[in-house]
Every structure is written in structure tokens, then in C-alpha cells.
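Written below as C-alpha cells is the structure these notes are about.
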Amino acid sequence: MDNFMQPIALLETSLTCAVLMIWLIQKMMPFQISVAARIIFAILLANLFFWPLGFSMALPLAAYVRGITGDLSVVTSLLLWSSILLNPKAIPLSFKWSIAVIATVFYPLALGVGMMDPYAWGYWSIGLLIAVLVFAVTCGVANWTRGVWILAIAIIAWSVHWHESTNLWDYLLDPFLAIWALWAVLYAIGQKRKEKARSGYLFRAG
Amino acid sequence: MSRLIAFCFLLLAAVLGFLHIDSLPIWAPFSEPSWKGPLVSEGEDGQASSFITEPIAQAAKATNATKASTSVTIPQPKLDWLPSTQAPSVHAASLVALKDGSIRAFWFAGSREGAPDVVINSAVFDPKTASWSDPTVVIDRVGMETGLSRYIAKLGNPVPARLADGRLQLFVVTVSMGGWAGSSISSMISDDEGKSWGRPQRFITSPFINLSTLVKSPALTFADGRLGLPAYHEWIGRFGELIRIEGSSAIDKRRMSSGRGSIQPAIFIDDGQKASAFFRQTRSSSEVKKIPVSLTTNAGQSWQVADDLDIANPNSAVAALSLKNGTRIMVLNNIEAGRHRLVMVMNQSGSSGWTVVQVIEDDEALPNEQRREFSYPFLLSADGSDAHLVYTWDRKKIRHVYFPAAWIKQAQTELHQQTFINSEGVH
């Protein structure tokens, strides 16, 4: 497994970079790119990031990105890939809320506020594993099956030491997912306020 | 139907997850060094030893007097330098004992600290000839980034350790972006006593892009043979952590302090369960400049912050060493500002205080601009009764000082006599 760990991580980073480029291209396009075309583009672009390009760069492009971002969590990668390459059901707002709340509590504690370190639980805690399983079941009950699949894959990846980390948190959460969730929640709150203001104007008592 | 399949898959994940947790090793007690003797390090109130017995000036005089009176029969500390690599800047030396009785040193060298051309150097000290081998390059930035498959901007502190199976492991601080706050720890393993090293591997120890974990102090060993690496963070928080290691992975870690005031823990083990950690203080200018202390009574699973050790610390590293008769020594800068004075302090088995037994460097008498930096001490004992010390000398060279067993014994004797005289005086 150790021999494959670095190439696999580079491949994941390459695919993530490729998917982000497709997202940008899609934003600029006036029409919807088909799923098949997106997948083919992703494979082609991933190759661009995965192989060393020479010139003055000793490493592949993905290695430079990875040096800055580290390995993304399995949850982030799968959410991103599936959301952009496929045409799945939208991610529920409750999931975004959960990630935003968890991240807001988790990161300050894990980065040194007080003596309690929830990050350490990710190495060994059955309680944390049970909590993640309950969260996954809740996603299923709420009819978001993709969430169940993603969380199950993340747990399996952790249990087989897929990435360099042996910590369950690193397979579930990363700062990019946290920032996305916080942004999505704030955006949703903003939208709701706008709607409220608009409906208030329309139905204001004369 | 698809939801049912997803739940079945989740069940499989749950089973694998529980099996994984079940396979993790239980937390083992500390392994005491084979030469370890009984040690009393706590005061009556259960706090760490927290006083230094005499003013530094007196200690220096006493040491000089000792030197004068014993220069004929007692071997004096032997001073030399680690071999030069012609690099203008060197720092963060560390040591490990080799199987043949020699000592291998590691340090980083380059055009300046944090420069891309910094490499990790190594050399071997032969105690029979009292000489150092030519320096070799263990790894450079490009070798590290090729091995780790990611961009690396600079290399930092190297810290070696001996694994239970006899191999050597070298922990190295690496940075991909930013300053030292952006550090991570990587490690390499050697099957041939440090002549060659395997592919570097990354430790993941922080949830925020793995930023900001560094290492400076030597690893300790648990009874099950696994290593415990005293590490520290210096980004949002500045605090110590004990990382439990299996092979090239972190399998657990425990916080030793919190906040922004203590890094670079140096650990003294009392017994299988008890240990005390002494930190480099990084507090704000208005706070006390003393050595922060944490204690554990459950083999490092949890730590409690104790009263500061009453020795000044100017935000500089502390080196710690236990000898086989229970005596503990530390090398540190016992001043509140600057790093121009380096001393050895000793705590005898059964006593509760620290006494300066040797002033190693002192530029106190020089004007500020002429004072040099003596920092990052690292201590090692080859046989449990002697001590090798390496430290950064003005960032230009690495000084090596060997304290023979006879010299340490003499220092212990004088310390004992002094303690006796002091106690007589009290009574």
C-alpha cells in the first residue's frame, strides 16, 4: 500500500485540479457540457497535472498543488468530483449546516485552544466512528444517498490507510470543505433574508 | 433500492472501521532507560522541581574553583567542532548513539536558515580517536520533495531516534509554504546506522492542511517499543504534543500544553507512568520568562500544566538528559533576553532543585552588538554516565562538548556537598 500511496494521492490531486478547471470552463460556457464530455475532459486534464512537464519544474503540477493544499479529504474529493462531473441531486442545506457547525467548533480546539484536542479522537475513538455512522444514516434517512456512499467510502479509506494520514478526521473534513460549507450557509442565509424582504414588500399591509 | 445498497455499504464500512480501531495497540507505559535509577523530581506539593539553588555568578565561581582544584586528576570537558561544510549558516544539531559506540550527529546547513539550499548534514564521532568523520549530506530539498511527491520549500530541524528493531529513524522538519509555522514532520529510516536512508514519508499531525508541527527534542520509547515524539505547534497556537509513532505514521497524539506560550518540550521520564516536560517559553513580553512545565501520571495520555520551573528562559530551547544514577542535567540559556549565555544545570537524584554546574558560554561582559548566539542544545549519553552536548555557536558553527563520566561524577559530588552545606546552614 505504501508504494502506491504517493501516486494515488497525486492522481487524486490531478483529478481535483482537472475537475476545478472543468467547473471554470463550464461557468464560461453558454451551454451545458454533457456528462460524457466532462469525464473525458477530466481524464485528459488530469494527465496534464499528473505527469512531470519538464521545463524548470522537477515535479508534476499536481505535486506543487499538493505541497500547498495537502491531501484533500475523501469527502471533499468525492463531493467535488460527483457534483461537477455528474448531474447529481443537490447537496442538502442541512449537510452544509452540519459541516459548518462542526468545523467552527472543531478547528479552534484542534489548533490549540485549551487542552482538549478533538483531532486526536480521529486516531482511535470508537465514539467518533459511531457519530460518523449515525450522521451517515441520517443522510440516508433524509434521502441523500450520495452522502451515505461518500461517508462509507471515507471510513473504508481510513480503515485501509488509503492516504498518509491515520486520522479519521483527515478523511472526513478539511479546511476547503469547511470554507465551502460556511460560504454556502452564509449565502443561504443571505438568500433567505432577501426573499423575506421581497415578500415583505409585496405583502406589506396597505 | 439504491438506498438499501448504500446502507449495506455503510455497514461494511462500519465493520472495517471497528476492526481497524480494534487492531490499534493499547497505550503502553514509558520505557525507562536500562541505566535508569530512582529519581525524585516532585516537590512536597506534587509540583515539579521549581527552584535554582544559587545565583549564577556564584555558580560560575564555584565551577571555576572546581576546575582549578581538580584540573590535575579530573578530566575536563573536551571541546571541538562538528566538521565544517563551508555553509555560512548552520543550526539545530542533534545526536544518536550508534551500535559500535560512536556518535552520529545531524544538523542543517545552508546559505541562511530557511534558504532553499539548506541540506541535512551528518557526521560520525569516533570516541577512540576523539575525531569527527567528514560531513555527508543526508538529504536536500529536492530529494525530500521527490520522495514526498510534493513541493518542499525548505528543510529544518533533524532529530534522530533508535527504533526497537535497531534501525535508525530521522525526523526532519519540512516546509512547503510560509515560515516555520507552515512546517510538517517527515521521517526516513536507515538500516545501516545512518549511511543511507529510505524514502521520506510524511507524518500527518494537524487537521489544517497538516500545517505547523515541528520537532526539536529527542524521542522517548514506550514499553511496547514504539516511539513517542515530543513535537510542537507554532502557528495559531504554540503548544507541545506527544506523538505516538508506529513505523512512519502517527497513530496517536496528546496535547502537553495549550495556548501560545510553550514549545519544544524536553521530557524527563520518572517511571513507567510519570514524566515531566520542560518547554521553551514563547510568551508575550509582559509575561513571566520562566521555563513552562507539564506533568503526566499516565504515561503521557494526559498532561497537566504545572508551576513554571524557576529558571529564566529567553524563548530558547532546553536540552534534557537523565543519567543512570538518576541525576538529571539540562543545558539552557538561563537569561531572560538573548542567547549569549549557555549553562549546564544539574538535579541530583533525590533532590528537588537545579544548580548551575558549568557555564559553557558567556558573552555577558561583551557589548550587545558583539554578543553571539549559543542555542539549540542537544544532549546525549553514550553509556548513561557521560554526556555529549552539541549546540549552535553563533549560527556559524556547531560546538561539540564531551563531559566525561569522571567530570560529571565530580560535579555531582560537589553538588552533593553544596546541598549538604546549604542544609547545614539552614539548620
Side-chain angles (χ1 to χ4, degrees), chain A residues 2 5-7 9-10 58-60 62-71 106-108 110-117 119-120 122-126 129-130 132-133 136-137 140 143 145-146 148-149 151-156 158-161 163-170 173-175, chain B residues 2-3 5-7 9-14 16-22 24 142 145-153 176-177 184 199 201-212 233 235-239 241 244 246 248-255 257-260 302-305:
Chain A
D2 283 356
M5 197 179 278
Q6 299 301 338
L10 269 185
L59 300 169
Y64 291 95
V65 176
R66 192 175 174 228
I68 307 299
T69 64
D71 292 330
F106 171 75
Y107 279 113
L111 293 175
V113 175
M115 288 295 277
M116 191 178 77
D117 181 12
Y119 181 68
Y123 291 110
W124 46 265
S125 170
I126 285 183
L129 177 61
I130 290 171
V132 176
L133 290 169
V137 170
N143 206 22
T145 310
R146 184 161 59 123
V148 182
W149 281 103
L151 289 167
I153 292 169
I155 293 169
I156 291 172
W158 165 67
S159 61
V160 300
H161 198 179
H163 284 166
E164 288 167 329
S165 176
T166 54
N167 191 304
L168 179 56
W169 283 109
D170 291 319
L173 183 65
D174 58 49
Chain B
S2 68
R3 192 160 26 158
I5 297 169
F7 278 135
F9 195 66
L10 184 65
L11 185 64
L12 173 69
L16 288 174
F18 281 116
L19 287 175
H20 174 68
I21 288 177
D22 191 51
L24 293 174
V142 175
E145 68 180 11
T146 306
L148 294 173
S149 294
R150 51 162 68 81
Y151 171 68
I152 299 293
S176 289
M177 61 172 172
S184 301
R199 181 180 177 140
Q201 301 207 45
R202 170 61 54 100
F203 282 86
I204 308 296
T205 49
S206 165
F208 201 93
I209 327 177
N210 199 33
L211 286 183
S212 192
H233 287 242
W235 182 38
I236 293 173
R238 291 187 189 137
F239 55 92
E241 284 185 334
R244 200 155 169 251
E246 179 159 284
S248 294
S249 294
I251 58 167
D252 204 343
K253 66 167 191 167
R254 299 302 163 98
R255 193 161 290 174
S257 61
S258 65
R260 289 181 56 77
S302 64
W303 294 80
Q304 292 78 42
V305 175

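Proteins get letters first, then strands, A, B, ... in listed order; numbering begins at 1 in each. These numbers were taken from a predicted model, which means no experiment stands behind them. Scope of the values below: all heavy atoms of this structure, side chains included, with no hydrogens, waters or symmetry mates.
Both tests pass for B:Arg255 against the ring of B:Phe239: distance under 6.0 Å to the centre and angle within 45° of the axis.
Heavy atoms closer than 4.5 Å to chain B are found in both the backbone and the side chain of A:Ile68. Contact of A:Asn167 with chain B is not made at all, since no heavy-atom distance falls under 4.5 Å. With a 4.5 angstrom heavy-atom cutoff, A:Ile153 touches chain B via backbone and side-chain atoms both. The part of A:Tyr119 that comes within reach of chain B is its side chain, from C-beta onward, which places non-hydrogen atoms under 4.5 angstrom from that chain. Proximity to chain B (any heavy atom under 4.5 Å) is restricted, for A:Leu129, to the side chain, taken from C-beta onward. Neither the backbone nor the side chain of A:Val132 comes within contact range of chain B, judged by heavy atoms closer than 4.5 Å. Neither the backbone nor the side chain of A:Trp169 has a heavy atom closer than 4.5 Å to any heavy atom of chain B. In this structure, chain B has a heavy atom under 4.5 Å from the side chain of A:Leu10, while its backbone stays farther away.
In terms of modelled atom types and a separation under 3.5 Å, the side chain of B:His233 and the main chain of B:Arg238 share no donor-acceptor contact.
A salt bridge does not link B:Glu145 with B:Arg202: none of the charged nitrogens is closer than 4.0 Å to a carboxylate oxygen. Taking a cutoff of 4.0 Å between a charged side-chain nitrogen and a carboxylate oxygen, A:Asp117 and B:Arg254 do not qualify as a salt bridge.
Annotation: maximal heavy-atom pairing with chain A below 4.5 Å, among B:Ala6, B:Gly237, B:Ser249, occurs at B:Ala6. Highest contact tally toward chain A, considering only B:Val142, B:Asn210, B:Leu24, B:Thr205, is held by B:Thr205 [criterion: heavy-atom pairs under 4.5 Å].
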